[in-house]
Amino acid sequence: MDLQLNGKKVLITGGSKGIGKAIAKAFVSEGADVSIAARRMEALEKAKAELDGRVTIFQADLTSSVERENLIQSFIGQKGTIDVLINNAGGSNGSKAAATDMELFYQAMELNYFSAVHLSKLVVEHMKRERNGSIINITSVFGRESGGKVTYNNAKAALISFTKSLADEVISDGIRVNSIAPGSILHETGNWIKRIKEDPEGMKEFVKNEIPAGRFGTPEEIANVAAFLASNQASWIVGASINVDGGQSRMNF
Ligand code: NAD
């Protein structure tokens, strides 16, 4: 299937590691003009080297609204327009609700939810002019159903809800908005690898009991779906939240 992503201007937040880096690689291999944004220059440079220099890097702390505005201004300044935004940066903190300070709830919302809302609002005005665009929010199965840490679960649920609201609002302008809800994805810098090192037997049990496919997912398995969703081959997918999880989610629909 020809995804026709050649030359498309793509921005991936949190693209220096893990799932974001795999998404960058997938778009690069489709011939897209790929940019990644993250906090640390060193990690960005490392990712760029791993991707044979075929990405543009932007340093930004996405929990800062000023830095989000600067990021989109710099991106548009360099690239002229934006075809695809992947809101991938995210992370979890805290523990049970009663033991988690309010500050951590605010931080989780800022990183997982407000950054995606704000960046989407900033790019939509450019995409409207072109009457073309795709926004993909990386959420989690633990936004569609209970599970994970409470701050994370709440923020990802809000992002899934925002995805549908914005999708219905901008599809008439030629912009598609969707989300991907990964299950547990194993990669070299993620949480799962740490947990496997700490408790290998416990993690084997977790996989056996929680993931019907019997293994963790890979970042490439998320990246392939992102590339398809961004392409015109997915033209009738609007406002969807797609589980990519080896059967891990317990929802019937
Ligand atoms: P990761 O921690 O390996 O990478 C996160 C990326 O986000 C990094 O590039 C990091 O630099 C960037 N980032 C974090 N905070 C930032 C900030 N304030 N400003 C700018 N960049 C920032 O995570 P991952 O496992 O690759 O996860 C990527 C996305 O997928 C996240 O949204 C995560 O919630 C979601 N997800 C992951 C899993 C999993 O099992 N790994 C499962 C479900 C959903």
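Counting starts at 1 for both ligands and their atoms, in listed order.
- Taking the charged nitrogens against the carboxylate oxygens, Lys8 and Asp33 have no contact shorter than 4.0 Å, which rules out a salt bridge.
- Atoms of ligand 1 found under 4.0 Å from any heavy atom of Ile185 (numbered from 1 in listed order, with element): 39 (C), 40 (O), 41 (N).
- When heavy-atom distances to ligand 1 are checked against a 4.0 Å cut-off, His187 comes that close only through its side chain, counted from C-beta outward.
- Only side-chain heavy atoms of Lys156 come within less than 4.0 Å of ligand 1; its backbone N, CA, C and O stay farther off.
- The main-chain N or O of Ile237 is found under 3.5 Å from a side-chain atom of Arg176 such that the two form a donor-acceptor pair.
- At a distance under 4.0 Å, a protein heavy atom can be found next to atom 25 (O) of ligand 1.
- For ligand 1, the atoms lying closer than 4.0 Å to a non-hydrogen atom of Gly18 are 26 (O).
- Between Ile222 and Ile180 there is a side-chain heavy-atom pair separated by less than 4.5 Å.
- Between the CD1 atom of Ile160 and the CZ atom of Arg144 there is a distance of 6.0 Å, given to the nearest 0.5 Å.
- Ring geometry for Tyr113 against Phe162 counts as perpendicular: the plane angle is over 60°, on a 0 to 90° scale with 30° as the lower cut.
- With a 4.0 Å heavy-atom cut-off, ligand 1 is reached by the side chain of Leu111 but not by its N, CA, C or O.
- Which of Gly91, Ala47, Gly90 comes nearest to atom 5 (C) of ligand 1 through a heavy atom is settled by distance: it is Gly90.
- Residue Ser16 touches ligand 1 through backbone and side chain together, judged by heavy-atom distances below 4.0 Å.
- Each of the following atoms of ligand 1 lies closer than 4.0 Å to a heavy atom of Ser140: 43 (C), 44 (C).
- The side-chain heavy atoms of Val170 and Val177, taken from C-beta on, include a pair separated by under 4.5 Å.
- Between Arg215 and Glu221 there is a salt bridge, since a side-chain N of the basic residue sits under 4.0 Å from a carboxylate O of the acidic one.
- Atom numbering of ligand 1 starts at 1 in the shown order; those under 4.0 Å from a heavy atom of Ser184 are 40 (O).
- Listed by number with element, the atoms of ligand 1 under 4.0 Å from a non-hydrogen atom of Ile138 are 29 (C), 30 (O), 32 (O), 35 (C).
- For ligand 1, the atoms lying closer than 4.0 Å to a non-hydrogen atom of Tyr152 are 33 (C), 34 (O), 35 (C), 36 (N), 43 (C), 44 (C).
- Remark: ligand 1 atoms within the under-4.0 Å shell around heavy atoms of Thr189 are 3 (O).
- If you check each of Ile193, Asn88, Leu62 against atom 31 (C) of ligand 1, the one with the closest non-hydrogen atom is Asn88.
- Contact of the Thr100 side chain with the Thr151 side chain is registered, since non-hydrogen atoms from C-beta on lie closer than 4.5 Å.
- When non-hydrogen atoms are compared, ligand 1 lies under 4.0 Å from the backbone of Ala60 (N, CA, C, O) but not from its side chain.
- Set against the non-hydrogen atoms of Asp61, the atoms of ligand 1 under 4.0 Å away are 17 (C), 18 (N), 19 (N).
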